[in-house]
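Below is one structure; the comments refer to it alone.
If you're wondering where the values come from, they're calculated on a predicted model, not measured in any experiment.
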2 protein chains.
Amino acid sequence: MKTYREENYLKAIYQLANHDKSKVVSATDIAHWLEIKPPTVLEKLAILVKKDYVTYNKFDGAQLTTSGKEIALNIVRRHRIWETYLYKQLKFSWSEVHEIAEQLEHVNSDKLIDRIYDVIGKPDFDPHGDPIPNKQGKLPKSDRRPLSQSIKGCKCVVLGVSEHSEVFLNYLTDLNIGLNDKLIVEQINAYDDTLKLSTKTKEPILMSSKAAQQILVQCLKPNCGCR
Amino acid sequence: MKTYREENYLKAIYQLANHDKSKVVSATDIAHWLEIKPPTVLEKLAILVKKDYVTYNKFDGAQLTTSGKEIALNIVRRHRIWETYLYKQLKFSWSEVHEIAEQLEHVNSDKLIDRIYDVIGKPDFDPHGDPIPNKQGKLPKSDRRPLSQSIKGCKCVVLGVSEHSEVFLNYLTDLNIGLNDKLIVEQINAYDDTLKLSTKTKEPILMSSKAAQQILVQCLKPNCGCR
DNA sequence: TTTAATTATTAGGTTAACCTAATTTTATTA
DNA sequence: TAATAAAATTAGGTTAACCTAATAATTAAA
């Protein structure tokens, strides 16, 4: 029996672990993420450990087991399918879809998800470039990496973003950078890694390293030398 | 704050009250309906009374207040819109639709319901002939009434059913009676009210009064004399 | 390396939603 | 109408999910 609460814990652990792979996922991190207090999380973690969905100790933090990861990826799958559906079929704006998908992802009907997935054309990625896990929980392969890893001269295409905040997305809109746009890295400032990019706009644009870390791109030439 | 549990209580009271208008809705009736025990219902009714969604006493049972009815009708609206959507757009069979709609009806987004309602073409009735309340909770007008109220010679059209059980729907399928079919009441047995009906099939068919009570029809001639 | 600050954990409490068993009230029937 | 059956209610208990406050453990700083 997996309740929507358990689904949310497993999803949170998955997301936190993927957000920063070097950092352990502490009970406190989960508590912040879910906007509840650490003791509540500890209590629930004990249950999830007993159910063999996670392992936990204070040094390695919470880690998903195989079956825990399976559930988490299934929720991520549902979430991204619903987001895509809301955006593409029902014409919701990208900023509206997340909150509704948070609810829809817990509707328990595999057949419903299958039908919705059919309707949107069985894509491998959602409209923001995030991969949609398949039914077995496998993520589609892609060579997406942060724009910040580019070397000078790199030609690449924007496949997604790893930050979804309103302010960041508006910033990209202002710069006139969108999904599938091509970028050329003209220069990299040696002091602070600011990038000078040529894009479809006339003028080259300057972008901070901080922003470039959140933009996911793929090189247009194989073995182009980027990290 | 209305949780899905409160929504389900209010919907249950609405449905029980409408199922048999002469009968009061007792706490025990609600308990049966929701598959929980009477003391649990009593406890929750006290809360719903305090919130002014219901009135309750053992003689009149539970009755929805104006604001309680508003919530209940909104859930009924969502439920019927989702059922129609699943059936018409996503090609689910009628027997599959109910269970999924029970979950979807609690997704809290008016905009989502609006969009879905647009997609199905803003109908007044769902595919089984049940009326879809509007946003203000008003039910579309119709002259639907049980077939059992027909007088001899009545010509009418099938608009829906008030029982949705598998066995009853299969029975209708066997008789070859479907939505929008025309019926003529040829004879009414004076002893047990069995109906002899002519339909699109060659042979006239016999139908028990019990079954006729569950079929909703509308007379094809105004003031035809039926009750 | 001791102290101070931070972080993790335990202890103990609350509320909502459920339950069973006991009691009271109402309805039925002999 | 008194006895019995049925239904409604109350009493009291459990579990899950939350909390705050206290304590223990770890990390950082003096």
For this session: Check the distance between D:dC19's C1' and A:Lys44's NZ and give it to me in whole angstrom.
Result: 16 Å
Exercise. What is the ring orientation for B:His128 with B:Trp94, classed by angle as parallel under 30°, tilted 30 to 60°, or perpendicular over 60°?
Worked result: parallel
Exercise. With respect to the side chain of B:Thr28, which nucleotide from C:dA8, D:dA8, D:dT10 is positioned closest?
Worked result: D:dA8
Problem set entry | A:Asp29 CG - C:dT6 C1' separation (whole Å) | 14 Å
Exercise. What's the closest nucleotide to the A:Ser26 side chain, out of C:dC18, D:dT26, C:dA8?
Worked result: C:dA8
Exercise. Is the closest side-chain donor-acceptor distance between B:Asp29 and B:Ser26 under 3.5 Å?
Worked result: yes
Problem set entry | Nearest-nucleotide 5' precedence on DNA chain D, B:Asn57 against A:Tyr9 | B:Asn57
For this session: Could you tell me the separation between the CD atom of A:Glu43 and the C1' atom of D:dT15, rounded to a whole number of Å?
Result: 10 Å
Exercise. A:Leu42 CG to C:dT7 C1': how many Å, rounded?
Worked result: 11 Å
Exercise. Hey, does A:Leu86 have a side-chain heavy atom less than 4.5 Å from the side chain of B:Leu112?
Worked result: yes
For this session: Please report, rounded to the nearest Å, how far the P atom of C:dA16 is from the OH atom of B:Tyr4.
Result: 15 Å
For this session: Would you mind reading off the distance between B:Lys51 atom NZ and C:dA16 atom C1', rounded to a whole angstrom?
Result: 11 Å
Problem set entry | Distance test, side-chain N/O of B:Thr40 to OP1/OP2 of C:dC19, below 4.0 Å | yes
For this session: Could you check how far NE2 of A:His32 sits from P of C:dT6, rounded to whole Å?
Result: 13 Å
For this session: Using atom NZ of A:Lys37 as one end and atom P of C:dT9 as the other, report the distance to the nearest whole Å.
Result: 17 Å
For this session: Verify, without hydrogens or angle tests, whether A:Arg115 (side chain) and B:Lys91 (backbone) share a donor-acceptor contact under 3.5 angstrom.
Result: yes
Exercise. When you measure from the side chain of B:Ile36, which nucleotide among D:dA17, C:dC18, D:dA25 comes out closest?
Worked result: C:dC18
Seminar exercise, completed: Of C:dT25, C:dA17, D:dC18, the nucleotide closest to the side chain of B:Lys58 is C:dT25
Seminar exercise, completed: From the candidates D:dC19, D:dT26, C:dA17, the one with an atom nearest any side-chain atom of A:Phe59 is D:dT26
Exercise. To the side chain of B:Arg5, which of D:dT20, D:dA8, C:dA17 is closest?
Worked result: C:dA17
Exercise. Is the B:His98 to B:His164 ring centre distance short of 6.0 Å?
Worked result: no
